[in-house]
Amino acid sequence: MDIVIAPSLLAANFGRFADEARRAQRSGAEWLHLDIMDGHFVQNISFGPEVVKTVRPHFKRFLDVHLMCSKPEMLLEPFARAGA
């Protein structure tokens, strides 16, 4: 069994997403985890597709996008277009 360690973008400096994504990649991360929370399914609100679009050019590996949302089917296409 392979183990993948995926640093979470929630732990990043929100004002430096691009730098933090590059730092994770330089550190050897194969995945970058993005918790997407809509404020309904879970109480917190986190990132939208625009954050994924901002991070995508700076992290060339797999983006592990976790849709913790009441209606994830509504978000599949916008997140896919953004680079998830």
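Here, residue 1 is the first one in the sequence, and each next residue gets the next number. Keep in mind that the numbers below use all heavy atoms, side chains included, and drop hydrogens, waters and symmetry copies.
Residues V4 and F62 are members of one and the same hydrophobic cluster, defined by side-chain heavy-atom contacts under 4.5 angstrom among Ile, Leu, Val, Met, Phe, Trp and Tyr. Using a 4.5 Å cut-off between side-chain heavy atoms of Ile, Leu, Val, Met, Phe, Trp and Tyr, with links allowed through other members, F17 and F79 fall into the same hydrophobic cluster.
Within 6.0 Å of CZ on R23 lie no more than 12 heavy atoms contributed by other residues, nucleotides or ligands. Heavy-atom neighbours of Q43 CD from other residues, nucleotides or ligands within 6.0 Å: at or below the threshold of 12.
Looking at every heavy atom in both residues, V65 comes nearest to A84 through CG2-CB, 3.5 Å. Scanning both residues, L32 and P7, for their nearest heavy atoms gives CD1-O, 3.3 Å. C69 and P72 get closest at one heavy-atom pair: O-CD, 3.2 Å. Closest approach of M68 to V42, counting heavy atoms only: O-CG2, 4.0 Å.
A donor-acceptor pair under 3.5 Å is formed between the side chain of S8 and the backbone N or O of L10.
Taking CE from M37 and NE2 from H66, the interatomic distance works out to 9.5 Å, rounded to the nearest 0.5 Å. Between atom CD of residue Q25 and atom NE2 of residue H58 there is a gap of 11.0 Å, rounded to the nearest 0.5 Å. Remark: F59 CZ to R26 CZ distance equals 11.5 Å, nearest 0.5 Å. The distance from atom CG of L34 to atom CG of L9, rounded to the nearest 0.5 Å, is 5.0 Å. Interatomic distance, I45 CD1 to H40 NE2, rounded to the nearest 0.5 Å: 7.5 Å.
Pairs engaging residues 37-65 under the salt bridge (charged side-chain N to carboxylate O under 4.0 Å, His left out) rule: none recorded [sequence neighbours left out].
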> Can L67 and L76 be said to form a side-chain contact (heavy atoms from CB on, under 4.5 Å), step by step?
Replying inline: CA-CA 9 Å; L67 298 176; L76 293 176; 3.7 Å; yes
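Aromatic pair F47/F14: centroids less than 6.0 angstrom apart.
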